[in-house]
Amino acid sequence: DFANGSFAPAPNRITLYVASPTENFLGARTESWLKAVFTHELTHYVHLTDPRGLFGTISRFVGEFAQLLNWPFMPGWMVEGITTDRETAYTEGGRGRSVPFEMTYKAPILEDRLFSLAQAAYMSDYPPSGRIYVAGNMLVRYLNETYGDDTFARIYRRFIDFPLLGPWGAIKHVTGKSGTELFEEMKTHYRHKFA
């Protein structure tokens, strides 16, 4: 029994596993654990089926599945970052309010052993568990707090215009910084915060 959910394409759908949570998943020991799971998956649905941009235009001719072609060009942190941010913003739970979740990046930050930006693109069997969620939460929160509440949305809108080269040009255009520069700034920000 595990409280969880998923978004899946073709056809686009959300599936929720509504077993009562047995651990502090998504800040699940709140009244809104199911709302947090649903908000996370609904954010995936809205984010990944955006009908704008290059593949949104193509989808008008070949079908809605083409909207999902942005997905392979996004690093994992970008796919999961907006969902962990929204699950926290729109519910009383969410990973952004979870102390155990914060520890998955607090300890590596303080030990100067945080994974690299390249490693934030994919999952790993090595700690921290759920690296794309951890990196995504850190990066999206940092972007929005530092450059404005709509920063991730502006980056994403620019990225989907021509996603074939990844999000790096869009990040540079919106923030004036490369992905590597932002990642290093983010680490310094959290190091000061946790000190």
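All values derive from a computational prediction rather than experimental measurement.
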Out of curiosity, [X] [atom1] to [Y] [atom2], how far, rounded to the nearest 0.5 Å?
X: Asn70; Y: Asp161; atom1: CG; atom2: CG; result: 10.0 Å
X: Thr83; Y: Glu80; atom1: OG1; atom2: CD; result: 4.0 Å
X: Ile160; Y: Leu48; atom1: CD1; atom2: CG; result: 11.0 Å
X: Met74; Y: Tyr156; atom1: CE; atom2: OH; result: 4.5 Å
X: Ile171; Y: Leu182; atom1: CD1; atom2: CG; result: 6.5 Å
X: Met186; Y: Glu184; atom1: CE; atom2: CD; result: 8.5 Å

Within the side chain of [X], is there an N or O that forms a donor-acceptor pair under 3.5 Å with the backbone of [Y]?
X: Arg154; Y: Gly148; value: no
X: Glu64; Y: Thr49; value: no
X: Tyr190; Y: Tyr105; value: no
X: Thr104; Y: Pro100; value: no
X: Arg52; Y: Arg157; value: no
X: Glu41; Y: Phe7; value: yes
X: Arg13; Y: Pro9; value: yes
X: Asp50; Y: Gly56; value: no
X: Thr84; Y: Gly81; value: yes
X: Arg97; Y: Thr88; value: yes

Just so I know, are the side chains of [X] and [Y] near enough to count as touching, which here means a heavy-atom distance under 4.5 Å?
X: Val79; Y: Ile132; value: no
X: Glu181; Y: Thr175; value: no
X: Ile109; Y: Lys193; value: no

Do you reckon Trp71 sits in the same ILVMFWY cluster as Ile155, going by side-chain contacts under 4.5 Å, direct or chained?
->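 Linked, Trp71 and Ile155 end up in one cluster.
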Spell out, yes or no, whether Leu68 and Leu54 are grouped together once hydrophobic residues are joined by side-chain heavy atoms under 4.5 Å, including indirect joins.
->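 Yes, Leu68 connects to Leu54 through the hydrophobic network.
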Ring geometry between Trp77 and Trp168 (parallel below 30°, tilted from 30 to 60°, perpendicular above 60°) =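 Correct class here is tilted.
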Shortest non-hydrogen contact between [X] and [Y], atoms and distance:
X: Ser59; Y: Gln67; answer: OG-CG, 3.5 Å
X: Pro167; Y: Met78; answer: CB-SD, 3.5 Å
X: Phe55; Y: Ala66; answer: CB-O, 3.1 Å
X: Gly94; Y: Ala36; answer: N-CB, 4.4 Å
X: Ser124; Y: Arg131; answer: CB-NH2, 3.2 Å
X: Leu16; Y: Val37; answer: CD2-CG1, 3.5 Å

Scan residues 114-144 for pairs that pass ring-ring contact (aromatic ring centres under 6.0 Å, His included), counting only residues two or more places apart or in two chains.
->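 Output for this query lists Tyr142-His189.
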Count the heavy atoms belonging to other residues, nucleotides or ligands that lie under 6.0 Å from CZ of Phe73, then report whether that count exceeds 12.
->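 Yes, the 6.0 Å shell around CZ holds more than 12 heavy atoms from other groups.
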Pick from Val134, Leu117, Ile82, Asn144: which one makes a side-chain contact (heavy atoms from CB on, under 4.5 Å) with Leu139?
->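 Result for side-chain contact (heavy atoms from CB on, under 4.5 Å) with Leu139: Leu117.
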